Protein chains: 2
Amino acid sequence: MNHRPAEEASWSRRFAGTGHRLTAQRRVIMRHLAGIRRYLTARELHARLARSHPRMGLATVYRTLEMLRELDLVASTPRGAGEAAYLYCAGDHHHHAVCTRCGRVDDVPCRSLPGFERMLSSSYQFRLTEHQLEFYGVCARCS
Amino acid sequence: MNHRPAEEASWSRRFAGTGHRLTAQRRVIMRHLAGIRRYLTARELHARLARSHPRMGLATVYRTLEMLRELDLVASTPRGAGEAAYLYCAGDHHHHAVCTRCGRVDDVPCRSLPGFERMLSSSYQFRLTEHQLEFYGVCARCS
DNA sequence: AGTACTATCGAGAATGATTCTCGATAGGTG
DNA sequence: CACCTATCGAGAATCATTCTCGATAGTACT
Ligand SMILES: [Zn+2]
Ligand SMILES: [Zn+2]
Ligand SMILES: [Zn+2]
Ligand SMILES: [Zn+2]
């Protein structure tokens, strides 16, 4: 669980601006997420924190994850049968390459989208505002 | 609800091959989906069919949508707070441009992905097997 | 068409994830 | 330290989805 102070300064500053309190629970959750490169469900995260923080409530984990998602500090994706998984995802716009064997996630810069954008604009008169892209495959370590 | 016989022949043939029975309920569900260019949740679909088929059970809608997803006849996407929405999506690999105003969905051919593929392969040693891409914006009619 | 064999259906119960409620707790400010 | 409230924890409530089971209806074969 590598804890990088510089990284932490970045997202902790984010809280100050929003008026939300940076409580002990929220700091613990953010640190754990920021230190792991994989999607975690609320339950998984709660279980991982159970040892070090036995009094952490599951509702708090849900509330915090939802808040972090609104602040664009984490991304969420549906996993299997209707369970959402969350990933620390701050910084500039980018996408994710998810290893289907080990679950590791690599950040991938967003390229080659202008081609789509032109096509959507010219062929469909579609004014693009957002896009969601995720890759699945096998990472270097699992090959 | 434009009903195209040629289109219907395509997916009805799909059932025969799988050993699944093409029942009245499944035909009604497929026809409705194939005739509408927007994502529908199981509940929405069930409500739309309530008038013409009052005895259609919600569980049947869920079961059928799940089956159609496995047969790659529909695509699903999570909508809002953990509710899945389904879209008729047969034919070759492509993506969707969803209008955030009216909900209309346009099919978009998959281009420009080779750039990502090369980058993933060379920079990350990531062996790409799948990808999920969806566009959001405003369609021609809504502009 | 009639019969047998099952897959499928409908209705409601059960499950599981997420959200809500509310009294207790603890940031933050002065 | 005292006050004000946002937040917390625990459990109830909600909501989507799946499961159970007796009834129904495709399908194959007379
Ligand atoms: Zn891997
Ligand atoms: Zn992008
Ligand atoms: Zn539109
Ligand atoms: Zn594609």
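Quick caveat: nothing in here was measured; it's all calculated off a predicted structure. All chains are named by letter (A, B, ...) in the order of the sequence lines, taking the proteins before the strands, and each is independently numbered beginning at 1.
- Residue contacts shown for A:R63 include a base, since a base heavy atom lies under 4.0 Å away.
- With sequence neighbours left out, A:S76 forms a side-chain contact (heavy atoms from CB on, under 4.5 Å) with A:R69, A:Y86.
- For A:F116 and B:F135, the gap between ring centers is short of 6.0 Å.
- Under the ring-ring contact (aromatic ring centres under 6.0 Å, His included) criterion, no residue pair touches residues 41-64 of chain B, with sequence neighbours excluded.
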Taking only distance into account, with no hydrogens and no angle test, what donor-acceptor pairs under 3.5 Å do side-chain atoms of residues 13-24 of chain A form with protein atoms, sequence neighbours excluded?
from, atom 1, to, atom 2, distance (Å)
A:R14, NH2, A:L71, O, 2.9
A:T18, OG1, A:F15, O, 2.7
A:T18, OG1, A:H20, N, 3.3
A:T18, OG1, A:H20, ND1, 3.2
A:T23, OG1, A:R26, N, 3.3

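- Rounded to an integer number of Å, the gap from CG of A:L58 to P of C:dA17 is 10 Å.
- Scanning for side-chain contact (heavy atoms from CB on, under 4.5 Å) contacts around B:P78 gives A:P78, with sequence neighbours left out.
- Among residues two or more places apart in sequence or in another chain, the side-chain hydrogen bond (donor to acceptor under 3.5 Å, both in side chains) test is passed with A:H95 by A:H93, A:H131.
- Shown here are the side-chain contact (heavy atoms from CB on, under 4.5 Å) partners of B:Q125, two or more places apart in sequence or in another chain: A:A140.
- Summary of helix geometry: the two end axes of the helix from C:dA1-D:dT30 to C:dG30-D:dC1, each defined by five base pairs via their C1' atoms, are inclined to each other by 50° (rounded to 10°).
- Residues from residues 18-26 of chain B with heavy atoms under 4.0 angstrom of DNA chain D, sorted by number: B:R21, B:L22.
- Read 5' to 3', the first and last nucleotides of DNA chain D with an atom closer than 4.0 Å to a heavy atom of chain B are D:dA16 to D:dT27.
- Partners of B:D107 under the salt bridge (charged side-chain N to carboxylate O under 4.0 Å, His left out) rule, at least two apart in sequence or in another chain, are B:R37.
- Atoms CG (A:L65) and P (C:dA17) sit 15 Å apart, rounded to a whole Å.
- Residues satisfying the side-chain contact (heavy atoms from CB on, under 4.5 Å) test with A:E44, not counting sequence neighbours, are A:L40, A:T41, A:R79.
- Clustering of Ile, Leu, Val, Met, Phe, Trp and Tyr side chains at separations under 4.5 Å leaves A:V138 isolated, with no partner residue.
- Rounding to whole angstrom units, CZ of residue A:R27 and C1' of C:dG28 are separated by 13 Å.
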